[in-house]
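Note that the structure is predicted; figures quoted are calculated from it, not measured.
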Amino acid sequence: MAQPSSCAQSSNGVADESPNMLVYRKMEDIIARMQDEKNGIPIRTVKSFLSKIPSVFSGSDIVQWMQKNLNIEDQVEALHLGTLMAAHGYFFPISDHVLTLKEDGTFYRFQTPYFWPSNCWEPENTDYAVYLCKRTMQNKARLELADYEAESLARLQRAFARKWEFIFMQAEAQAKVDKKRDKIERKILDSQERAFWDVHRPVPGCVNTTEADIKKSSRMKQPHKTRKIQHCQEQLDRHRLKMSKVAESLLSFAEQYLEYDPFFTTPEPSNPWISDDVTSWELEACKEAGQQRVKRWAFCFDEVMKDPVGREQFLKFLESEFSSENLRFWLAVQELKKRPIREVPTRVQEIWEEFLAPGAPSAINVDSRSYDKTTQNIKDPGRYAFQDAQEHIYKLMKSDSYSRFIRSSAYQELLQAKKKKSKNLF
Amino acid sequence: MCDQTFLAITFGPCDNCSQNKPLMNIYLKNEPINYCSLCVELMACQGLAKGETTNTLKAESESLKAKLEEERAKLHDVELHQVAEKIDALGQFVMKTRRTLKGHGNKVLCMDWCRDKRRIVSSSQDGKVIVWDAYTTNKEHAVTMPCTWVMACAYAPSGCAVACGGLDNKCSVYPLSLDKNENLAAKKKSVAMHTNYLSSCSFTNSDMQILTSSGDGTCALWDVESGQLLQSFHGHSADVLSLDLAPSETGNTFVSGGCDKKANVWDMRSGQNVQSFETHESDINNVKYYPSGDAFATGSDDATCRLYDLRADREVAIYSKDSIIFGASSVDFSLSGRLLFAGYNDYTINVWDVLKGTRVAILFGHENRVSTVRVSPDGTAFCSGSWDNTLRIWA
């Protein structure tokens with residue numbers, strides 16, 4: 001019989017468990033509660049024709065128990081969770097290879113802890129071969145191989161042709177041991193073994209729940225580094241906001257943008273994915289901004305800078321105030337950071353000549369500290385050569401020009417403009 | 001105590017013990033030295049002042065941590081969901097699958113939207129990377145990578161290229177040509193090189209830079225044209241699984257999450273870890289910024305999603321339910337930040353009310369784990385990719 005591989009038992013207990021084990025433990029907790037004598041699912045032996053069906057419960061028993069004990073209001077959800085637990089092999093339908101949960105009178109049985117997936121089973125094909133071979137030696141109708149099993153057996157016979165004698169011997173030995181068992185015990189064990197293989201060699205088309213995410217299989221861990229202390233000390237000095245303020249801010253942001261969120265406010269004229277009509281995308285792409293879009297620019301400075309049309313309008317406004325060099329400088333530095341590293345030194349020089357050098361054609365006004373730093377930086381030009389100057393200019397535009405822009409007649413006119421009519425498409 | 005500012009892996013004789021080992025190139029008082037990792041650790045211990053041992057340092061670190069938690073707790077005067085009681089509860093949402101994209105032959109691991117709001121790129125376990133027009137469900141380009149498990153893919157801001165990588169430990173960029181017959185693989189450009197799998201990649205605001213995260217525990221910023229490493233980010237003590245760039249125009253930060261259960265916020269210019277959060281009980285699979293850039297959400301194998309605010313410097317909400325026991329693999333916000341879409345390993349997508357902390361809807365449809373969830377650039381829909389080999393567009 002296949003053996004469970006040795007699972008790394010961590011000395012830290014839960015703390016170092018792999019993510020798979022976390023889920024297994026949670027499912028096993030639920031199973032333990034389901035098996036509780038007082039509050040669990042009633043397990044019984046059912047009489048059928050001339051025989052007894054031992055140790056079963058019905059699908060509807062499971063669903064009802066889950067809804068009551070796991071705080072699940074929705075029946076569909078309970079069915080789904082139950083199906084997942086069955087797919088992992090914690091309980092199984094006694095007369096079906098497909099591990100799913102149905103809410104009716106179908107009978108289910110619990111899996112024995114020996115076969116639980118948390119034991120890190122990785123059964124080999126030779127084990128499967130022994131199992132299928134053993135099944136063919138048992139002359140009971142209920143143990144006949146399903147089509148896919150017969151196919152698998154044929155395949156394995158070809159693959160292991162050389163050691164088939166050995167496999168056959170193992171199957172014989174196991175069958176012998178089984179025969180000696182009590183009839184009822186045999187029924188239960190046979191079904192549990194079959195359910196085990198339904199998990200590890202699922203019916204074609206069914207999900208193989210033993211498939212793992214490759215990222216989780218080899219986990220790297222580095223030892224604790226003493227640099228943490230310095231980091232913690234820096235963190236202590238941080239300025240923090242009160243929760244009440246933060247909560248208000250999150251609430252007001254969501255409220256402000258609710259009308260722009262297509263999940264709450266249908267876009268004009270419709271959501272393309274729902275109506276199969278791309279008009280709203282075409283409207284968005286055209287240069288004229290509708291009222292709703294213009295309104296956003298007043299939310300915060302970032303909104304104007306994010307929208308290409310907004311930037312254009314803001315630039316026009318600054319030109320009227322003869323301070324457009326600020327925005328042009330800011331845009332040039334943004335563009336610089338997006339260029340390949342090879343182009344950076346040349347671009348830095350060009351920006352310096354245009355905006356900051358003595359006698360520059362588009363001279364900008366920066367504080368002396370930033371100016372000195374920038375002068376130093378351009379000697380060894382990098383992408384962040386103008387960072388201080390750029391931040392200074394941004395603050396200047398935000399606190400000064402931006403508020404005038406929002407109050408300007410140009411902006412107000414755009415805001416009052418009639419909502420753009422949607423095109424008639426034929 | 002030396003200041004480890006840059007870490008790279010080369011192989012050769014150690015400057016200290018002379019043995020041939022993998023070397024760490026570090027700077028000691030501005031002088032470059034090459035020590036093997038054992039000698040680096042020994043040197044760190046030698047940096048201990050008299051009377052200190054690794055135990056006393058550990059105790060000091062623990063007490064500082066406790067102090068930090070104390071400071072954070074002082075400003076915790078109310079819970080987010082309590083303040084949110086005054087706003088209306090959300091009504092019923094009708095969200096359905098509007099498109100199903102079939103074509104991958106194996107698990108879909110990652111996807112990304114193009115800025116044109118309708119095209120997407122997706123990657124899968126069998127090494128295939130496909131570019132689709134999700135609106136028409138037509139496949140426009142397909143590339144076969146030389147490796148399996150392509151866990152990361154990203155669309156360039158211009159829409160003219162895609163980046164992808166996975167078990168090959170690299171991130172490669174493919175320019176997309178208009179000529180459908182052209183062999184994309186021929187134009188492939190290798191950009192990033194890590195020492196373990198590539199878990200996530202993202203273009204910054206430009207086609208010229210890519211940010212990557214890897215199973216080797218680091219994140220890195222690369223110049224696409226030259227393949228040069230511009231900045232590396234060290235601080236995670238296990239695989240980094242996800243990263244997200246801050247949405248601001250002036251933004252220069254990004255957040256990452258990993259198997260060390262930590263979410264770290266980084267300054268792209270200095271490479272410094274500026275903020276760190278550790279409240280999850282298992283791997284953080286995915287991180288996403290709140291649209292305002294002031295907060296971010298995480299999805300974890302501990303079956304919860306959490307919201308962390310950068311100004312409060314703490315976790316401000318947990319999204320969980322007793323009936324949700326499988327890990328959350330991927331999260332994303334709706335445009336207003338009011339909704340959080342989370343894909344889980346139990347094949348479902350749960351939609352959460354971010355402010356009230358309640359679940360608004362549960363979406364069934366996928367037949368295996370949901371591995372990736374992304375909202376479209378204009379927020380009109382979101383796309384989910386799954387181990388059932390399909391992608392679905394929901395609206």
Side-chain angles (χ1 to χ4, degrees), chain A residues 19 22-23 26-27 70-72 76-77 80-81 84 207 214-216 219-222 224 226 228-229 231-233 235-236 238 240-244 246-251 253-254 257-258 260-264 267 271-274 278 281 284 302 305-306 338-342 384 387 394, chain B residues 44 57 60-61 64-65 67-68 71 75-78 80 83-84 87 98 117 149 199 205-206 208 215 217 223 225-226 228 237-239 241 248-250 259 269 282-283 292 301-302 309 311-313 316 322-323 325-327 334-339 346 355 362 367-368 379-381 393 395:
Chain A
L22 251 185
V23 187
K26 288 186 198 168
M27 284 195 279
L70 295 178
N71 274 325
I72 302 178
V76 175
E77 224 192 310
H80 182 80
L81 180 58
L84 275 170
V207 172
I214 205 164
K215 296 183 288 213
K216 315 279 174 168
R219 301 150 76 69
M220 181 208 86
K221 273 235 151 81
Q222 273 179 25
H224 173 88
T226 50
K228 248 187 166 170
I229 292 177
H231 186 254
C232 270
Q233 277 168 336
Q235 294 292 302
L236 271 175
R238 168 183 300 278
R240 289 176 192 81
L241 277 187
K242 262 197 301 189
M243 257 315 294
S244 44
V246 160
E248 287 298 336
S249 159
L250 290 169
L251 254 73
F253 180 89
Y257 284 86
L258 219 61
Y260 298 92
D261 188 338
F263 280 98
F264 291 94
N271 185 327
W273 299 102
I274 303 178
V278 295
W281 283 340
E284 181 75 25
D302 224 34
M305 300 297 260
K306 257 195 322 201
K338 294 181 189 179
R339 301 312 302 161
I341 201 92
R342 175 182 49 91
Y384 292 102
Q387 192 64 13
Y394 186 83
Chain B
L57 275 186
E60 191 185 340
S61 160
L64 270 176
K65 253 178 146 177
K67 240 191 186 176
L68 194 57
E71 286 299 311
L75 295 164
H76 190 195
D77 53 348
V78 74
L80 175 61
V83 177
I87 53 176
R98 305 289 173 176
K117 307 156 197 162
W149 288 88
S199 54
N205 264 326
S206 141
M208 299 294 148
D223 178 69
E225 195 199 48
S226 62
Q228 189 185 332
S237 50
D239 308 24
L241 296 178
S248 152
E249 282 304 288
T250 54
C259 292
R269 181 186 177 187
S282 185
D283 301 3
S292 73
D301 274 333
D302 65 8
D309 188 285
R311 302 159 296 184
D313 190 35
V316 300
D322 283 344
S323 54
I325 59 175
F326 284 80
S334 73
L335 208 126
S336 63
R338 184 67 194 269
L339 297 175
D346 65 3
L355 303 174
I362 176 169
E367 292 165 9
N368 205 328
T380 48
I393 310 285

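For B/Ser226, the part lying under 4.5 angstrom from a heavy atom of chain A is the side chain only. Heavy atoms of A/Tyr394 lying under 4.5 Å from chain B belong exclusively to its side chain. Both the backbone and the side chain of A/Leu250 come within contact range of chain B, with heavy atoms under 4.5 Å apart. With a threshold of 4.5 angstrom between heavy atoms, B/Asp223 approaches chain A through side-chain atoms but not through N, CA, C or O. Contact of A/Ile72 with chain B is made through the side chain alone, with heavy-atom distances under 4.5 Å. Heavy atoms closer than 4.5 Å to chain B are found in the side chain of A/Leu84, but not in its backbone. In this structure, the portions of B/Leu80 lying under 4.5 Å from any heavy atom of chain A include both its backbone and its side chain. With a 4.5 Å cut-off on non-hydrogen atoms, B/Ile393 touches chain A through its side chain but not through its backbone. With a 4.5 angstrom heavy-atom cutoff, B/Leu68 touches chain A via backbone and side-chain atoms both.
No side-chain heavy atom of A/Val23 sits less than 4.5 Å from a side-chain heavy atom of B/Asp301.
The candidate with the highest count of non-hydrogen atom pairs below 4.5 Å against chain A, out of B/Thr250, B/Val316, B/Ile87, is B/Thr250. For the set B/Leu339, B/Leu335, B/Asp346, B/Val83, the entry with the most heavy-atom pairs within less than 4.5 Å of chain A is B/Leu335. Of the listed residues (B/Glu225, B/Glu71, B/His76, B/Gln228), the one with the most heavy-atom contacts under 4.5 Å to chain A is B/Glu225. Contact count versus chain B (heavy atoms, under 4.5 Å) is highest, among A/Trp281, A/Tyr257, A/Tyr260, for A/Trp281. Options B/Arg269, B/Lys67, B/Glu367 differ in how many heavy-atom pairs under 4.5 Å they form with chain A, and the most are formed by B/Arg269. Of the listed residues (B/Gly337, B/Ala395, B/Ala312), the one with the most heavy-atom contacts under 4.5 Å to chain A is B/Ala312. Across A/Glu77, A/Met305, A/Gln387, A/Met27, the residue that shares the most heavy-atom pairs under 4.5 angstrom with chain B is A/Glu77. The candidate from A/Pro262, A/Pro267, A/Ala247 with the greatest count of non-hydrogen atom pairs under 4.5 Å with chain B is A/Pro262. Interface summary for chain A: among B/Ile325, B/Val78, B/Asn205, B/Asp302, the most heavy-atom pairs under 4.5 angstrom belong to B/Ile325.
Heavy atoms from other residues, nucleotides or ligands lying under 6.0 Å from NZ of A/Lys306 number more than 12.
Considering only residues two or more places apart in sequence or on other chains, B/Asp322 meets the side-chain hydrogen bond (donor to acceptor under 3.5 Å, both in side chains) condition with none of them. For the side-chain hydrogen bond (donor to acceptor under 3.5 Å, both in side chains) test, residues two or more places apart in sequence or in another chain that qualify with B/Asp77 are A/Ser244.
Rounded to the nearest 0.5 angstrom, B/Ser199 OG and B/Leu241 CG are separated by 5.5 Å. Taking OG of B/Ser334 as the start and CZ of B/Arg338 as the end, the distance is 9.5 Å to the nearest 0.5 Å.
A donor-acceptor contact shorter than 3.5 Å is absent between the side chain of A/Asp302 and the backbone of B/Ser248. The main-chain N or O of A/Ile274 is never found under 3.5 Å from a side-chain atom of B/Arg98 such that the two would form a donor-acceptor pair.
A donor-acceptor contact under 3.5 angstrom links the side chains of A/Asp261 and B/Ser336, judged on distance only. When only modelled atom types and interatomic distance are considered, A/Arg339 and B/Ser206 share no side-chain donor-acceptor pair under 3.5 Å.
Ion pairing of B/Asp239 with A/Lys215 is absent here, as no side-chain N (NZ or NE/NH1/NH2) approaches a carboxylate O to less than 4.0 Å.
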